[in-house]
Amino acid sequence: MSLTVLTPGWQTSVQDGGRRGFAALGVGASGAMDDVSRRLANILVGNVDNAAALEITLRGPRLRLDADCVVALTGAALDGLPMWRPVAVRAGTEIALGTMQRGAYAYLAIAGGIGSAAVLGSRSADIVAGFNAALAAGDVLPVLPAGVPHRELWGRFHARPLAGDSENRNVVAANWSLNPRSWFDLDPHNRIGVIEGAHFAQLAENAQRALFDSTFRVGGDSSRMGLRLHNVHLDLREALELVSAGVVPGTMQLPPSGDPIVLMAEAPTCGGYPRIGHVIGVDLPRLAQRRPGDSVRFARVALDAAQTRYLERERALLALARTIKDRLQ
Amino acid sequence: MSAPRIEALGDCAALIHCGDAIDANINARALAIARALIDANLPGITDIAPSYAGVCVRYDPGAWTGADAHSPFERLALRLGAFVENAHTDASTNAGIIEIPVSYGGDSGPDLDDVAAHAGLMREAVVELHSGAEYRVAMLGFTPGFAYLLGLPDVLHMPRRATPRTRVPAGSVAIGGAQTGVYPRETPGGWHLIGRTESALFDPARDPPALLKPGMRIRFVVR
């Protein structure tokens, strides 16, 4: 079974759980910007957590699948398919996804997962590093065999009336859906948690206050590598000369311009700018959904509180995956 | 040696500090700690990357929980602290010297004359110095396979370009500050380009994918 890209949208790429074990060679993790939405899409079609899905940016692609399949669309709202639920799609149907009005990333998982070639142990595109480019019109991606039968959904598909309604007859959605509220958040009023970084204390006093009291704006020069934040300049007490050291997604660096950068999925493995903070793991997917022009406010979070929330989220995702898997049998 | 500092890089990574300078002894210690950590195969460690003066350890907090009041980071940091105490600094790697053939100057190295002028040397002397030195790979980063090398002769040190190039050709051999290195692929870059090599620095389909690894000794050979 395969998926054909008719048009790629603004930027669509294959993303799984990311690359591990090659940071010593300068290879970053990559993976999804909003990895929770990617994982939820996989859960909704009965895939394993690490399965590769499509990451869709701002404007959606047009796609066609050459066999009957079950898909799920999560993340920022898009026209074209009912969201946050499994959807059965007939072979040959064109899936045309629209443009996001809010948010930046959506995820389309296909039962079985995308089976494109892995590079260094991951199917994820790393656009900056040049592994697995963004999709282009005409690309054909293999799809792996589905892990669960989706009996209820196919039952509904075959039981639908043969005539008499205007619904798309090639697409049938489950009559239940996941409530995204506790997993997905676009509200720019909600603060993003930040742990103070090693060089926070080297910020000027007013800059220390400004980091948590001011409203930043996401720059148009942001990418999967990092979100550039404008509107508030942060100054150091005095210039710091640092030896290049490890950085990770979530690290907030302060280049000499005074505009902080939060490193995202395609973060480099090392950097020499002051590390003034780190966006907490549970809020990184929420920050990823802020698009250029959106506002961002930060809240100070202690490391142990951040780790507690991280563990709670992982437990909740595991429980949700079990519940939904039972339902998909 | 004073106790190392272990910095939390957010909630899923930690940075072991071995010092604050670009220094061969500090780097050798970082590489030894990274090697010991790889051999130890601790639970929930997803990546280990040495840098000039430290080691970045990415981990899954779920693998470092326990019954007491310690956070996963505290528990991991205790364990990492023990590693740092016990890691032997063994700077000698048994690998031989990797030779990298370089075409210096001309279109391959458009900044060779600038480097010569800055050093107050003839361009031939720059080539002789650069290719005469033995280097050690301190770390990889910036882009996959980009090696930061220790051992650049002092006289060749030169501040980075004021305006970085938007495109540096793959294989460019360059000088930036006290460092020298090779660009594995075409990227933007702010170092001075003195030559170019045809050696493939990074190929994800190859095993190992990177030609250079931290700790390796290398030499540039004029071709």
Side-chain angles (χ1 to χ4, degrees), chain A residues 17-29 117-121 126 128-132 193-198 241-252 263 268-272 275 277-282 284 301-311 314-315 318, chain B residues 5 7-17 19-23 26 34 38 45-58 60-62 64-65 69-74 138-148 179 184-187 202 204-205 208-210 212-214:
Chain A
R19 229 159 246 114
R20 301 278 179 270
F22 295 97
L25 303 184
V27 177
V119 173
L120 299 175
D126 186 327
V128 176
F131 303 148
N132 299 346
V194 165
I195 301 165
E196 286 179 12
E241 267 308 310
L242 298 174
V243 176
S244 200
V247 291
V248 290
T251 298
M252 184 189 281
L263 297 175
T269 54
C270 64
R275 300 178 292 278
H278 301 276
V279 170
I280 65 175
V282 296
L284 206 51
V301 177
L303 173 58
D304 54 351
Q307 292 200 311
T308 301
R309 286 172 61 186
Y310 180 92
L311 297 174
E314 291 304 301
R315 271 195 294 273
L318 204 62
Chain B
R5 199 160 57 81
E7 173 187 338
L9 284 179
D11 45 25
C12 295
L15 186 59
I16 305 169
H17 287 262
D20 294 314
I22 297 181
D23 172 273
I26 293 172
I38 290 166
I45 304 292
T46 52
D47 236 322
I48 296 164
S51 56
Y52 278 119
V55 183
C56 180
V57 178
R58 303 186 193 205
D60 170 13
W64 290 87
T65 57
H70 289 297
S71 68
F73 172 75
E74 288 166 336
M139 63 183 283
L140 276 71
F142 169 61
T143 186
F146 187 100
Y148 293 83
Q179 307 166 95
R185 56 189 294 263
E186 186 184 292
T187 52
F202 195 85
L212 306 177
K213 270 198 282 231

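Naming convention: chains lettered A, B, ... in sequence-line order (proteins, then strands); numbering from 1 in each chain. Fair warning: this is a prediction, and the values are worked out from it, not measured in the lab.
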> Heavy-atom pairs under 4.5 Å with chain B are the metric here; pick the option from D304(A), V27(A), T308(A) that has the most.
V27(A)
> Given side chains that start at C-beta, do those of H278(A) and L9(B) come closer than 4.5 Å, heavy atoms only?
yes
> Between I280(A) and chain B, which part of the residue has a heavy atom less than 4.5 Å away: side chain, backbone, both or neither?
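For I280(A), heavy atoms of backbone and side chain both lie under 4.5 Å from chain B.
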> Tell me every residue that passes side-chain contact (heavy atoms from CB on, under 4.5 Å) with T269(A), counting only those two or more places apart in sequence or in another chain.
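For T269(A), the residues satisfying side-chain contact (heavy atoms from CB on, under 4.5 Å) (neighbours in sequence not counted) are A23(A), R58(B).
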> Give the minimum heavy-atom separation between S51(B) and G246(A), together with the two atoms involved.
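So the minimum-distance heavy-atom pair works out to OG-N, 4.2 Å.
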> Using non-hydrogen atoms and a 4.5 Å limit, figure out which bit of F142(B) sits close to chain A: side chain, backbone, both or neither.
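Contact with chain A: backbone only.
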> Tell me the closest heavy-atom pair linking A24(A) and L140(B), and the distance in Å.
O-CB, 3.4 Å
> Using heavy-atom distances under 4.5 Å, tell me whether T65(B) contacts chain A through its side chain, its backbone, both, or neither.
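The side chain, not the backbone.
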> For V247(A), is it the side chain, the backbone, both or neither that has a heavy atom under 4.5 Å from a heavy atom of chain B?
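For V247(A), the contact with chain B is made by the backbone alone.
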> With a 4.5 angstrom heavy-atom cut-off, which part of V301(A) approaches chain B: side chain, backbone, both or neither?
neither
> So, taking the atom named CZ in F73(B) and the one named CD1 in I195(A), what distance separates them when rounded to the nearest 0.5 Å?
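If I round to the nearest 0.5 Å, the distance is 10.0 Å.
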> Taking all non-hydrogen atoms of both residues into account, name the closest pair between P209(B) and L25(A) and its distance.
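Residues P209(B) and L25(A), closest heavy atoms: CG-CD1, 3.8 Å.
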> Picking from A147(B), A53(B), P144(B), C12(B), which has the most non-hydrogen pairs under 4.5 angstrom with chain A?
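Result: the option with the highest number of such pairs is P144(B).
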> Donor-acceptor check, side chain of Q307(A) to backbone of P61(B), threshold 3.5 angstrom: yes or no?
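Pair absent, no side-chain N/O of Q307(A) close to backbone of P61(B).
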> Locate the shortest heavy-atom distance separating L311(A) from P72(B); write the atom from each residue and the value.
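Closest approach of L311(A) to P72(B): CD1-CG, 4.2 Å.
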> May I ask you to decide if G281(A)'s main-chain N or O and D11(B)'s side chain share a donor-acceptor pair within less than 3.5 Å?
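Flag set: sc D11(B) to bb G281(A) pair under 3.5 Å.
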> Answer with side chain, backbone, both or neither: which region of A13(B) has an atom nearer than 4.5 Å to a non-hydrogen atom of chain A?
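It is the side chain, since no backbone atom gets that close.
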> What is the distance from atom CG of D60(B) to atom CZ of R20(A), rounded to the nearest 0.5 Å?
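It is 9.5 Å, given to the nearest 0.5 Å.
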> Between A210(B), P204(B), G141(B), S71(B), who has the most heavy-atom pairs with chain A when the cutoff is under 4.5 Å?
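Result: the option with the highest number of such pairs is P204(B).
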> Work out which heavy atom in V248(A) is nearest to a heavy atom in C56(B); give both atom names and the distance.
CG1-SG, 4.1 Å
> Given a strict heavy-atom distance threshold of 4.5 Å, which part of A205(B) is in contact with chain A: side chain, backbone, both, or neither?
neither
